[in-house]
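The next block holds one structure in the form of structure tokens; read it before the comments.
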Amino acid sequence: MPLTLAFEGPPGAGKTSLLAALVPRLGDRCVFFSEPNVKLVSGTKAPVHPGTAAHTLWYLRSERLRSAALSACAEEHDVEAVLLDRNHLGVLAYCFATRHPDAFPYAKALDYHRQHIAPVLPADMRTVILQVGVTDSLNRRGGRVSHPRWQQWYEPELLERMDLFYREHAPELCPRPPLIIDTSSLTPGAIQEMVAVELALSGVSSEGWSVSSRPLIADAFAIAYNAAGGAAVLGSPVTTAFAYRGGLMQMFQLAALHQVGDHTFVWNPLGSSQFTETGS
């Protein structure tokens, strides 16, 4: 049975950096999921009404659809590990922490999770919760906003409430006890070693993985990156381009681009049709 491993935590905890090191190392031995990104959908796939609450409901529904398909996806791709950049905890953490006037209430989000997401989560899913305090979260990200869209993720009050959620509420919302790593006093190498042990316990070898330092956008993806919205939608690159699933991939903070032959598209192992539901 393939390992299903989700990485969670507040901004600056290091989950995306870990995945950026791990996915290229495992290559086709894993199937990778970026976190759902509402900015990449349009038409009937997008929320009917723009706004914070509508977007949150879209994320909740996307998590339900993705969670329900994980086991079949692992079998279809014949891999050792299924790796997720966030699972259901991310949207619940936001609902818990935000004080936006149009926010989706946390109690309703939690109820949706219990009714629609928890029953379809793989029972053996393991979650790695990376904890980080507010000061470290801000310092690791340079302490300033790189794009206006990210403003709220630098607000100390929001980060404090997210930290509280991941420390006190998130563990009981996982299908099995999570691996909790307080990253504040650990080096990236020490965190990688802890995750490598977790992988090895499931028979997944990951020796020799390392993080690229400030990679650039690969020439092969420059046009597609800009066409998709650039940094405002995809974020900055977190890997160089690497061979993956019969083509070339480059991972970004909020998505990944995959190129096969002359075609470049946003990577989604379930296919875009999986994120079109408008019902509950």
Side-chain angles (χ1 to χ4, degrees), residues 2 5-7 15-47 50 55 58-59 61-63 65-67 69-70 72-87 90 146-150 209-277:
L5 194 63
F7 291 82
K15 63 181 184 58
T16 305
S17 296
L18 272 174
L19 283 162
L22 186 56
V23 175
R25 176 68 184 90
L26 294 181
D28 288 354
R29 291 190 290 140
C30 77
V31 62
F32 163 69
F33 286 84
S34 300
E35 60 180 294
N37 186 340
V38 72
K39 295 292 185 181
L40 288 169
V41 297
S42 60
T44 59
K45 303 172 189 176
H55 285 186
W58 181 91
Y59 280 107
R61 289 170 174 164
S62 296
E63 285 298 342
L65 291 165
R66 181 169 71 164
S67 298
L70 285 176
C73 180
E75 293 179 6
E76 176 187 348
H77 289 281
D78 189 25
V79 294
E80 297 177 14
V82 178
L83 305 177
L84 294 88
D85 190 342
R86 293 207 183 279
N87 58 13
S146 58
H147 191 279
R149 182 188 168 192
W150 319 129
W209 51 310
S210 61
V211 179
S212 300
S213 178
R214 296 186 178 277
L216 301 176
I217 300 168
D219 290 343
F221 294 109
I223 294 175
Y225 176 80
N226 290 323
V233 175
L234 303 182
S236 301
V238 295
T239 68
T240 56
F242 59 94
Y244 188 71
R245 299 275 152 195
L248 196 65
M249 176 177 278
Q250 183 164 24
M251 294 168 58
F252 301 86
Q253 290 169 307
L254 298 170
L257 294 175
H258 193 227
Q259 185 179 89
V260 178
D262 295 330
H263 301 284
T264 302
F265 48 91
V266 176
W267 170 251
N268 179 1
L270 299 182
S272 59
S273 63
Q274 293 290 329
F275 297 105
T276 61
E277 183 164 327

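None of these values were measured; they are calculated from a predicted model. Throughout, residue positions are numbered sequentially from 1 according to the sequence presented.
Here R66 does not pair with E35 in a salt bridge; the nearest charged N to carboxylate O distance is not below 4.0 Å.
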Could you walk me through whether F7 and S17 pass the side-chain contact (heavy atoms from CB on, under 4.5 Å) test, one step at a time?
CA-CA 10 Å; F7 291 82; S17 296; over 6 Å; no
Would L254 and T16 satisfy side-chain contact (heavy atoms from CB on, under 4.5 Å), going step by step from the backbone distance to the final call?
CA-CA 9 Å; L254 298 170; T16 305; over 6 Å; no
Checking side-chain contact (heavy atoms from CB on, under 4.5 Å) for the pair C73/L270: CA distance, chi angles, key distance, verdict?
CA-CA 7 Å; C73 180; L270 299 182; 3.9 Å; yes
Assess whether side-chain contact (heavy atoms from CB on, under 4.5 Å) is satisfied between L84 and L19, documenting all intermediate values.
CA-CA 8 Å; L84 294 88; L19 283 162; over 6 Å; no
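Closest heavy-atom contact between V23 and F242: CG1-CZ, 4.0 Å. For T239 against A20, the heavy-atom pair with the smallest separation is CG2-O, 3.4 Å. Nearest approach of M251 to P24, heavy atoms of both residues: SD-CD, 4.5 Å. A256 approaches F32 most closely through the heavy-atom pair CB-CE2, 4.2 Å. Listed here is the closest heavy atom pair of P237 and L216: CG-C, 4.0 Å.
For residues 19-30, the set of pairs meeting the side chain to side chain donor-acceptor pair (under 3.5 Å) definition, not counting sequence neighbours, comprises R29-E80. Legend: side chain to side chain donor-acceptor pair (under 3.5 Å) pairs involving residues 246-261, not counting sequence neighbours, sorted by first then second residue: Q259-T264.
Between the side chain of N37 and the backbone N or O of V233 there is at least one donor-acceptor pair closer than 3.5 Å. Side-chain N or O atoms of T240 include none that pairs as donor or acceptor with a backbone N or O of P215 at under 3.5 Å.
Taken to the nearest 0.5 Å, the OG atom of S34 stands 6.5 Å off from the CG atom of D85. From L70, atom CG reaches atom CG of N87 across 9.0 Å, with rounding to the nearest 0.5 Å.
For the pair L257 and L234, the minimum side-chain heavy-atom distance is below 4.5 Å. The shortest side-chain heavy-atom distance between Y244 and L26 does not fall under the 4.5 Å cut-off. Within the 4.5 Å cutoff, no side-chain heavy atoms of L83 are placed close to those of V31.
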Sequence neighbours left out, cut at 3.5 Å: what donor-acceptor pairs do the side chains of residues 217-230 make with other protein atoms?
unit_1, atom_1, unit_2, atom_2, d
Y225, OH, A231, N, 3.1
Y225, OH, G235, O, 2.8
N226, ND2, A222, O, 3.2

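Remark: aromatic rings of W267 and F33 are distant, center separation not under 6.0 Å.
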